[in-house]
Amino acid sequence: MNALTATNRNFRYAARILGLDSKLERSLLIPFREIKVECSIPKDDGSLATFVGFRIQHDNARGPMKGGIRYHPEVDPDEVNALAQLMTWKTAVAAIPYGGAKGGIGCNPRELSMSELERLTRVFTQKIHDLIGIHRDVPAPDMGTNSQTMAWILDEYSKFHGHSPAVVTGKPIDLGGSLGREAATGLGVFFATEALLAEHGKSISNMKFAIQGFGNVGSWAAKFFHEHGGKVVAVSDITGGVLNKENAADVKAKFIIEAANHPTDPEADEILSKKGVVILPDIYANSGGVTVSYFEWVQNIQGFMWEEEKVNHELKRYMMSAFKDIKTMCQTHNCNLRMGAFTLGVNRVAQATLLRGWE
Ligand SMILES: NC(=O)C1=CN([C@@H]2O[C@H](COP(=O)(O)OP(=O)(O)OC[C@H]3O[C@@H](n4cnc5c(N)ncnc54)[C@H](OP(=O)(O)O)[C@@H]3O)[C@@H](O)[C@H]2O)C=CC1
Ligand SMILES: O=C(O)CCC(=O)C(=O)O
C-alpha cells in the first residue's frame with residue numbers, strides 16, 4: 001500500500017471515530033498547495049543534470065506550515081504528500097502552533113559532490129522562495145539533508161527577502177540554530193519510549209533495542225538508550241543489518257517505536273497488533289525534532305538564545321504532555337495508540353479550521 005493511501009486510511013478512520021462532517025473531512029484531506037519544480041544544475045564535469053523537487057503544503061489552520069526536506073532517490077509526490085499530511089497531525093499532537101508541509105528532491109545525495117548539492121539546494125530555493133517564509137512555511141532537515149543544507153537555503157532565501165534566520169530550522173548554531181536541535185528527534189524518541197515503558201511497568205535500563213536506520217535519528221536515539229542502561233543489540237543502515245549471526249533470529253520486539261515517518265504499513269500494523277506488539281506511532285514518537293524546531297524558531301523571533309538544558313527540559317515537558325493527551329484519547333475512544341494520536345491531532349486541526357471558518 002503506498003504511503004498516501006495508508007495515511008489517508010488512518011486519517012479517515014480517525015475522522016470516523018471523531019464523527020467529523022464529511023465535507024470537513026474532505027477539506028482536511030486535500031493539501032493546501034502542491035509545488036513541483038524542475039531543478040537543473042551543471043555537474044562538476046560540466047554536464048547538465050535535471051532533478052524534480054517538491055514542496056507540499058498540507059494545512060495551515062493552526063499556524064505556518066512546517067516540515068523537513070528530504071533528498072532521496074525514492075522521493076515521489078504521493079510520498080511527500082503523505083509526509084506533509086503526517087506533519088499536520090504531528091504538530092497538532094505536539095501542541096505547537098504550526099501546520100504541516102514536507103519537501104523533497106528525487107536525487108541520490110551520495111552520488112553528488114558538495115558543490116553539486118549546494119547548487120541543487122540553491123536552485124530549489126530560487127524556485128520556491130516566494131511560497132515559503134517565517135510565517136508561511138518553514139523547512140527543516142530530513143533524510144539526506146542536514147544543517148549545511150539549511151544554511152544554503154537560508155542564504156539563498158535571504159538574497160530575495162533580507163537576512164531571515166527563522167525561515168529554516170535545524171540550521172548551524174553559528175547561523176541561529178538551536179542548541180539541542182541536532183539530537184532532538186533522538187532525544188524525543190528516548191522520552192517517548194520512557195513514557196511508554198513506564199505505562200507497562202518497565203524502564204529503559206536493561207531493555208534490548210534493535211534500531212533500524214542509523215542516521216541522525218537512529219544514532220542519537222541509540223546513544224540515549226545506551227547512556228541510560230539500554231542494550232542496543234542491533235542497528236541497520238542502507239547497507240543492511242549489523243549484528244552478529246548468532247543473535248539475529250532472537251530479535252522479537254514487544255514494543256515498536258516509530259522513530260522514522262510511516263515505517264509500518266497498515267497491513268503489518270494489523271498483524272503486529274494482533275500479535276500483541278505495542279506500536280508507538282510516528283506522529284508522536286518522532287515529534288521531538290519538530291518541537292525543538294519550534295523552539296529554534298521562537299528563539300530566532302525573540303532574538304534570544306536558550307541554554308541547551310532549557311531546550312531539553314522543555315522538550316521533555318512537551319513529550320510527556322502529548323503522551324498524556326494521547327492516552328486520554330485512547331481511553332475516550334477505546335482505541336490503540338496510533339488512533340489515539342490521530343484522533344488527537346485531527347481533532348485539534350478540525351477545531352482550528354471550524355473556528356477560522358471559510359469566508
Ligand atoms: N531528522 C529529523 O529531525 C527527523 C527525521 N524524521 C524521520 O526519521 C527518519 C530518518 O531520518 P534521519 O535520521 O534524519 O535521516 P538520515 O539521512 O540522517 O539517516 C537515514 C538512515 O536511514 C538509512 N537508510 C536510507 N535508505 C535506506 C534504505 N532504503 N534501507 C535501509 N536504510 C536506509 C540510512 O543509511 P546510510 O547511513 O547508509 O545512508 C541512514 O542510516 C526519516 O523517516 C525521517 O523522515 C522524523 C522526524 C524528524
Ligand atoms: O523539524 C522540522 O521542522 C520538521 C521535522 C520533520 O520533517 C519531521 O518531523 O518529520
Side-chain angles (χ1 to χ4, degrees), residues 3 7 55-58 63-75 79-80 82-94 96-104 107-111 117 132 134 137-150 153 166-171 177-178 180-189 192 211-223 234-242 257-264 281-298 300 311 315 318-319 322 345:
T7 305
R55 183 73 182 169
I56 300 196
Q57 300 174 326
H58 177 258
M65 293 169 283
K66 188 85 189 81
I69 293 184
R70 64 169 55 176
Y71 290 178
H72 194 274
E74 282 158 28
V75 161
E79 190 196 40
V80 182
L83 293 168
Q85 188 191 140
L86 287 174
M87 286 307 304
T88 300
W89 317 136
K90 187 187 301 185
T91 53
V93 166
I96 54 177
Y98 287 137
K102 200 84 173 192
C107 67
N108 187 345
R110 289 161 167 263
E111 290 172 359
L117 282 171
I132 59 172
I134 297 164
D137 177 3
V138 183
D142 194 79
M143 241 160 70
T145 57
N146 53 30
S147 59
Q148 177 60 73
T149 324
M150 296 306 114
I153 297 178
V167 73
V168 284
T169 59
K171 54 194 171 282
S178 176
R181 174 60 185 88
E182 172 96 15
T185 311
L187 184 58
V189 166
I211 298 185
Q212 200 179 345
F214 205 62
N216 172 283
V217 180
S219 59
W220 280 105
K223 178 176 181 288
V235 299
S236 72
D237 64 9
I238 202 161
T239 57
V242 181
I257 316 297
E258 293 187 336
N261 284 309
H262 181 60
T264 315
D282 48 5
I283 57 172
Y284 166 65
N286 69 37
S287 64
V290 73
T291 299
V292 174
S293 276
Y294 165 55
F295 301 158
E296 181 174 326
W297 182 79
V298 166
N300 294 152
V311 171
L315 172 61
Y318 272 74
M319 294 301 299

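Whatever order the structure lists them in is the order used to number ligands and atoms, beginning at 1.
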Original post:
Is the closest heavy-atom distance from Gln212 to ligand 1 below 4.0 Å?
Top reply: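 Gln212 does not count as a contact of ligand 1 under the 4.0 Å cut-off.
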**OP:** Assess Glu74 for proximity to ligand 1: is some non-hydrogen atom of it under 4.0 Å away?
**Re:**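 Not so, Glu74 does not reach ligand 1.
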Below 3.5 angstrom, do we get any N/O pair linking [X] and ligand 1?
X      : value
Ser236 : no
Pro141 : no
Arg110 : yes
Gly289 : no
Ala260 : no
Gly218 : no

Counting heavy atoms only, name the option from [options] that's nearest to [atom].
atom                    : options                       : value
atom 5 (C) of ligand 2  : Arg181, Met143, Lys90         : Arg181
atom 7 (O) of ligand 2  : Lys102, Lys66, Met65          : Lys102
atom 43 (O) of ligand 1 : Asn261, Thr169, Asn146, Leu83 : Asn261

Looking only at heavy atoms, is any part of [X] under 4.0 Å from ligand 1, and if so is it the side chain, the backbone, or both, or is it neither?
X      : result
Thr185 : side chain
Met87  : neither
Arg70  : side chain
Pro263 : neither

Ignoring hydrogens and angles, tell me if any N or O in the side chain of [X] forms a donor-acceptor pair with the backbone of [Y] under 3.5 Å.
X      : Y      : result
Thr145 : Ile69  : yes
Asp137 : Ile132 : no
Arg55  : Gly104 : no
Tyr71  : Arg110 : no

**OP:** Step by step, work out the side-chain contact (heavy atoms from CB on, under 4.5 Å) result for Val93 and Ser287.
**Re:** CA-CA 8 Å; Val93 166; Ser287 64; 5.6 Å; no
Original post:
So, Glu258 and Thr264: side-chain donor and acceptor under 3.5 Å apart, yes or no?
Top reply: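 Judged by distance alone, the side chains do pair up.
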Original post:
With distance as the sole criterion, is a donor-acceptor pair present between the side chains of Asn216 and Asn146 under 3.5 Å?
Top reply: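 Asn216 vs Asn146: no donor-acceptor pair found between side chains.
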Between [atom1] on residue [X] and [atom2] on residue [Y], distance to nearest 0.5 Å:
X      : Y      : atom1 : atom2 : result
Ile153 : Lys171 : CD1   : NZ    : 11.0 Å
Trp89  : Thr91  : CH2   : OG1   : 9.0 Å
Glu296 : Arg181 : CD    : CZ    : 7.5 Å
Tyr294 : Ile96  : OH    : CD1   : 8.0 Å
Ile283 : His262 : CD1   : NE2   : 13.0 Å
Ile56  : Leu83  : CD1   : CG    : 9.5 Å

**OP:** Could you point out which residue of His72, Arg70, Lys102 forms a side-chain contact (heavy atoms from CB on, under 4.5 Å) with Glu79?
**Re:**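 Filter result, single survivor: Arg70.
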[X] neighbourhood, listing ligand 1 atoms whose heavy-atom distance to it stays under 4.0 Å:
X      : result
Arg181 : 3 (O)
Phe214 : 21 (C), 40 (C), 41 (O)
Asn286 : 46 (C), 47 (C)
His72  : 26 (N)

Interfacing atoms of ligand 2 (cut-off 4.0 Å, heavy-atom, [X]):
X      : value
Gly68  : 4 (C), 6 (C), 7 (O)
Ala140 : 1 (O), 2 (C), 3 (O), 4 (C)
Gly67  : 4 (C), 7 (O)
Ser293 : 1 (O), 2 (C), 3 (O)
Gly289 : 1 (O)
Asp142 : 7 (O), 10 (O)

**OP:** Could you point out which residue of Asp282, Asn286, Thr291 forms a side-chain hydrogen bond (donor to acceptor under 3.5 Å, both in side chains) with Lys90?
**Re:**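 One option only clears the test, and that one is Asn286.
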Original post:
Can a non-hydrogen atom of Gly170 be found less than 4.0 Å from any atom of ligand 2?
Top reply: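 Outside the 4.0 Å threshold, so no.
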Original post:
Under 4.0 angstrom from ligand 2, any heavy atom of Arg70?
Top reply: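 Under 4.0 Å: no for Arg70.
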Original post:
Given that the side chain starts at C-beta and the backbone is N, CA, C, O, which of these parts of Asn261 lies under 4.0 Å from ligand 2, counting heavy atoms, or is it both or neither?
Top reply: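 Under 4.0 Å from ligand 2, Asn261 contributes side-chain atoms alone.
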Original post:
Has Gln148 got more than 12 heavy atoms of other residues, nucleotides or ligands less than 6.0 Å from its CD?
Top reply: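 Yes, the 6.0 Å shell around CD holds more than 12 heavy atoms from other groups.
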